[in-house]
Amino acid sequence: MNISDILRHKGSGVLAIAADDTVIDLLRTLAEHNVGAMVVRAGETGDNSDNSDNSDNSDMLGIVSERDVVRRIAERGPAVLDATVGEIMTSEVLSCTSKDSVDSVGQTMTARRIRHMPVIDDGALVGIVSIGDVVLSRIRQLEIDRGQLEQYISS
C-alpha cells in the first residue's frame with residue numbers, strides 16, 4: 001500500500017497559513033478545520049487557504065502543528081499567542097512522495113517523532129498525511145488480510 005492510496009481516501013487538499021499570520025490565527029484555523037498541522041507559506045497576513053490546486057512547493061517555508069504551539073508556550077509563556085507563525089514553525093520539513101510505502105513513511109514518522117508529513121511529487125505539494133492516516137491505512141489493510149485468510153480457511 002502506498003501513500004497515494006491514503007490520499008485517494010482522504011483527499012489531497014492541503015491547508016496552508018501565511019508565515020506572518022499570528023499564532024492566534026493559526027489556532028482558530030486549526031480548530032475550524034479540525035486539523036493538527038498546516039503548511040506554512042510565504043504571503044501576506046490572512047493568506048490562509050485550501051491549496052487543493054496542488055501548486056508547487058516553492059513558497060512552502062515550513063510546517064506548524066499544535067505541538068509547536070504547546071512547546072513555544074512552555075518556553076515563552078502566553079505572549080507567544082501574538083507571535084507570528086513564522087516564529088514558531090518547523091522549517092526543516094521531512095516529506096514523502098505518493099509512491100512511498102505506507103510502512104516506510106510510518107516508520108520514519110515514528111522514528112523521527114513527527115505527526116504530519118507533506119507529500120511532494122515532482123516538486124508539487126500534492127497532499128499531507130498524518131500518523132493517524134497511516135494507522136488507519138494499516139488497520140484497513142489488516143482487515144482486508146483477515147478477510148482473505150478467513151475466506152481461504154473456510155473454502
Side-chain angles (χ1 to χ4, degrees), residues 1-19 21 23-41 43 47-74 80-81 85-86 88-155:
M1 189 168 272
N2 292 333
I3 294 300
S4 61
D5 298 314
I6 291 177
L7 295 180
R8 199 171 12 266
H9 283 283
K10 75 175 271 185
S12 61
V14 178
L15 205 60
I17 191 161
D21 281 347
V23 174
I24 290 281
D25 295 330
L26 166 70
L27 293 174
R28 283 188 187 117
T29 306
L30 291 173
E32 177 184 339
H33 294 280
N34 195 29
V35 295
M38 295 176 68
V39 167
V40 181
R41 294 197 180 271
D47 183 31
N48 55 343
S49 60
D50 179 13
N51 293 315
S52 56
D53 64 344
N54 299 335
S55 58
D56 69 59
N57 68 339
S58 60
D59 66 340
M60 185 173 79
L61 301 175
I63 193 166
V64 65
S65 70
E66 296 162 327
R67 183 184 281 183
D68 292 316
V69 175
V70 169
R71 286 181 176 164
R72 295 318 173 277
I73 288 174
V80 79
L81 297 174
V85 171
I88 70 161
M89 72 179 186
T90 300
S91 55
E92 290 185 32
V93 180
L94 284 180
S95 63
C96 63
T97 72
S98 62
K99 294 178 183 176
D100 288 336
S101 75
V102 172
D103 287 341
S104 69
V105 169
Q107 289 171 356
T108 300
M109 293 174 97
T110 301
R112 299 292 297 268
R113 302 184 60 81
I114 58 175
R115 295 180 183 165
H116 302 87
M117 189 178 285
V119 182
I120 300 174
D121 286 342
D122 298 322
L125 181 63
V126 298
I128 190 166
V129 292
S130 71
I131 193 69
D133 298 328
V134 169
V135 169
L136 183 58
S137 173
R138 286 183 174 171
I139 290 171
R140 281 191 193 125
Q141 187 60 51
L142 287 171
E143 289 173 351
I144 291 168
D145 294 347
R146 187 194 74 204
Q148 290 174 341
L149 285 171
E150 286 175 352
Q151 185 178 14
Y152 175 76
I153 291 169
S154 65
S155 43

### Message
I need the Arg41 CZ to Asp21 CG distance, nearest 0.5 Å.
### Response
13.5 Å
### Considering all heavy atoms, the nearest Ile63-His116 contact
CD1-CB, 3.9 Å
### Task
Please name the pair of heavy atoms, one in Ala19 and one in Leu61, separated by the smallest distance, quoted to 0.1 Å.
CB-CD1, 3.7 Å
### Task
For residues Val105 and Ile6, determine if any side-chain heavy atom of one lies less than 4.5 Å from a side-chain heavy atom of the other.
no
Sequence neighbours left out, cut at 3.5 Å: what donor-acceptor pairs do the side chains of residues 120-134 make with other protein atoms?
| from | atom 1 | to | atom 2 | distance (Å) |
| --- | --- | --- | --- | --- |
| Asp121 | OD1 | Ser98 | N | 3.0 |
| Asp121 | OD1 | Ser98 | OG | 3.4 |
| Asp121 | OD2 | Ser98 | OG | 2.5 |
| Ser130 | OG | Gly132 | N | 3.3 |
| Ser130 | OG | Asp133 | N | 3.1 |
| Ser130 | OG | Asp133 | OD2 | 3.2 |
| Asp133 | OD2 | Lys10 | NZ | 2.8 |
| Asp133 | OD2 | Ser130 | N | 2.8 |

### Qualifying residues under side chain to side chain contact (heavy atoms under 4.5 Å, CB included), relative to Ile144, sequence neighbours excluded
Gln141, Gln148
### Query
Is there a side-chain contact between Leu26 and Val64 (heavy atoms, below 4.5 Å)?
yes
#### Entry: Where Met1 and Ser137 come nearest, the two heavy atoms and their spacing
SD-OG, 2.9 Å
### Task
Dump the intermediate steps for side chain to side chain contact (heavy atoms under 4.5 Å, CB included) on Val39 and Val93, then the final yes or no.
CA-CA 10 Å; Val39 167; Val93 180; over 6 Å; no
### Message
According to side chain to side chain donor-acceptor pair (under 3.5 Å), who are the partners of Ser101, at least two apart in sequence or on a separate chain?
### Response
Ser104
### Query
To the nearest 0.5 Å, what is the distance between OG1 (Thr29) and CG (Leu15)?
7.0 Å
### Task
Name all pairs fulfilling the salt bridge (Lys or Arg N to Asp or Glu O under 4.0 Å) condition that reach into residues 60-71, sequence neighbours left out, sorted by first residue then second.
none
## Note on the structure
Residues Ala16 and Met38: closest non-hydrogen pair is O-CE, 3.2 Å
### Query
Are the side chains of Met117 and Ile3 in touch, meaning some heavy atoms are under 4.5 Å apart?
no
### Task
Write out all pairs satisfying salt bridge (Lys or Arg N to Asp or Glu O under 4.0 Å) with one or both partners inside residues 145-154, taking only residues at least two apart or from two chains.
Arg146-Glu150
### Task
Compare all side-chain heavy atoms of Cys96 with those of Thr108 and state whether any distance is below 4.5 angstrom.
no
### Query
So do the side chains of Val69 and Val23 get within less than 4.5 Å of each other, counting heavy atoms only?
yes
### Message
Can you confirm whether His9 sits close enough to Arg140 that some side-chain heavy atom of one is under 4.5 Å from a side-chain heavy atom of the other?
### Response
yes
### Task
Could you name each residue pair satisfying salt bridge (Lys or Arg N to Asp or Glu O under 4.0 Å) that touches residues 93-116, not counting sequence neighbours?
Asp103-Arg138
### Query
To the nearest 0.5 Å, how far apart are CD1 in Ile17 and CZ in Arg28?
10.5 Å
